[in-house]
Number of protein chains: 2
Amino acid sequence: MAHRGIYPKGVARRDEILDRALELVGSKGYSNVSLRDIAERVGVRPAALLHYFDSKEELFTEILRRRDERDEISPSAASVPASREAYLQILRHNAEVPGIIALYSRLAVDAADPDHPAHSYFVARHEMLRQTANAFADGHDGVPLGMPLPIDVTTRIVVAVTDGLQLQWLIDPDVDMAATIDALLDVLVPSLRAPSPPEPPRHVGDD
Amino acid sequence: MAHRGIYPKGVARRDEILDRALELVGSKGYSNVSLRDIAERVGVRPAALLHYFDSKEELFTEILRRRDERDEISPSAASVPASREAYLQILRHNAEVPGIIALYSRLAVDAADPDHPAHSYFVARHEMLRQTANAFADGHDGVPLGMPLPIDVTTRIVVAVTDGLQLQWLIDPDVDMAATIDALLDVLVPSLRAPSPPEPPRHVGDD
DNA sequence: GTCTATACAGGGATAGAC
DNA sequence: GTCTATCCCTGTATAGAC
């Protein structure tokens, strides 16, 4: 059972802990998940978990970091993955991973404490999204794109609405996050509007 | 020392508990405030607090309810307090009450659990804001007001951006919540825009 | 109605043995 | 790396004093 050279046992264990933890958050809710629960699910003792993570809070922050790596929202000016459809796709996908939105939202609140492990995560995340949005605008020849608001303000608003809709969605899962953001983008970034080849359904004051 | 007829001792005590609790949230952060801390500050034993509230969670939910009563955001179609400037004013005021935004945000997340005391609070709150916004639109002769999006979608977005900006503000207090919402309202509810060019920038197109 | 005293189950975290 | 054992803190239920 030789482990793959670049995939030592410790890393596999660590990943397994993160997977089991997210599963539990999805089925029981963040507040009801204890280190003991996770340990039981993994098949070890609670103290063993703290060998891989400094604290429970850090453990959960790592779940978000790993998710972002998978989603690849990193600011590569080349492929510009910040396009409208990619953003909405990530949103829709998150809504299908039980617990991930609850986890993200909970940590977004706890991160207000500068000492919380998630604090630096959210600071870095917002800066990354800002740069991605700027790179996207630059990719369009720096044209204002017909946007009614400055790029920084627009980015801040889109991020805020996304987070806020997630809070609403947690309370009422009937809230259609993607459709709402879609409508907002129509207004804030009109040049991004979907081609909608056949027949344009709406026509707000386009450029 | 006769207490005012309509203000029995129990109510005063209850209010004091809520005040001390909010103070502690402001100075120590929600997560670091225990019932023992509050009890100590009030000068009683922890169990005494549970004479006024069913649980710690209910205690904190009551702080939000009391705030809303003071702010008077209730849907009185008469005065339509949902006007732009009134809304922004409440936002600015909240930013000056240490802890209230942290408390609101934290409960907004915990309220995802239908059994949490804050669940019904947030459901009712959103429905109330929806009705207030609708009443406001009706007050303007039912004219679409030149809004690029339907009233319900607009309301949902404004609530979401408010909540989302609060999350950003908790992490970075330099975020200007009011200014950002102000800019967004310019776009989503253009008829509300202040006659900016020459005249003073205040004066919303109120009733 | 208001409160104290007490007790309990469960939480995260730590120290040190293996 | 993983264990056991332990520590201190949490929310809160209960019983009873005033």
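Note on naming: letters A, B, ... go to the chains in the order of the sequence lines (proteins, then strands), and numbering restarts at 1 for each one.
When side chains are defined from C-beta on, I171(A) does not count as touching H116(B), because their heavy atoms never get closer than 4.5 Å. Under the 4.5 Å side-chain criterion, counting only non-hydrogen atoms from C-beta, L91(A) is not in contact with L165(A).
Of the two residues near DNA chain C, S55(A) and A47(B), the one whose nearest nucleotide lies more 5' is A47(B). Nearer to the 5' terminus of DNA chain D, by closest-nucleotide assignment, is the contact made by G43(A) (compared with the other of D37(B) and G43(A)).
At the phosphate of dG1(C), neither OP1 nor OP2 sits under 4.0 Å from any side-chain N or O atom of Y52(B).
With a 6.0 Å radius and a threshold of 12 heavy atoms from other residues, nucleotides or ligands, R130(B) has its CZ atom above the threshold.
As a whole-Å value, the separation of F60(A) CZ from dG11(C) P is 12 Å. Counting to the nearest Å, the P atom of dG11(D) and the CG atom of L59(B) are 11 Å from each other. One can place CD1 of I38(A) at 12 Å from C1' of dG11(C), the figure rounded to the nearest angstrom. To the nearest angstrom, C1' of dT2(C) lies 15 Å from CZ of R14(B). Here dC18(D) presents its P atom at 16 Å from CZ of R45(B), a figure rounded to the nearest Å. Nucleotide dT4(D) holds its P atom 15 Å from the CG atom of L50(A), rounded to whole Å. Separating the CG atom of L35(A) from the C1' atom of dA9(C) is a distance of 17 Å, rounded to the nearest angstrom. The interatomic distance linking E57(A) (CD) with dG11(C) (P) rounds to 16 Å, in whole Å.
No hydrogens or angles considered: nothing links the side chains of D152(A) and T155(A) as a donor-acceptor pair under 3.5 Å.
Side-chain to base pairing of R36(B) with dG11(D): one donor and one acceptor N or O lie within less than 3.5 Å of each other.
Residue-level contact check: F53(B) touches neither bases nor backbone, having no heavy atom under 4.0 Å from any strand. Residue contacts shown for A48(A) are limited to sugar-phosphate atoms, with no base heavy atom under 4.0 Å away.
Ring-centre distance between Y104(B) and F122(B): below the 6.0 Å cut-off.
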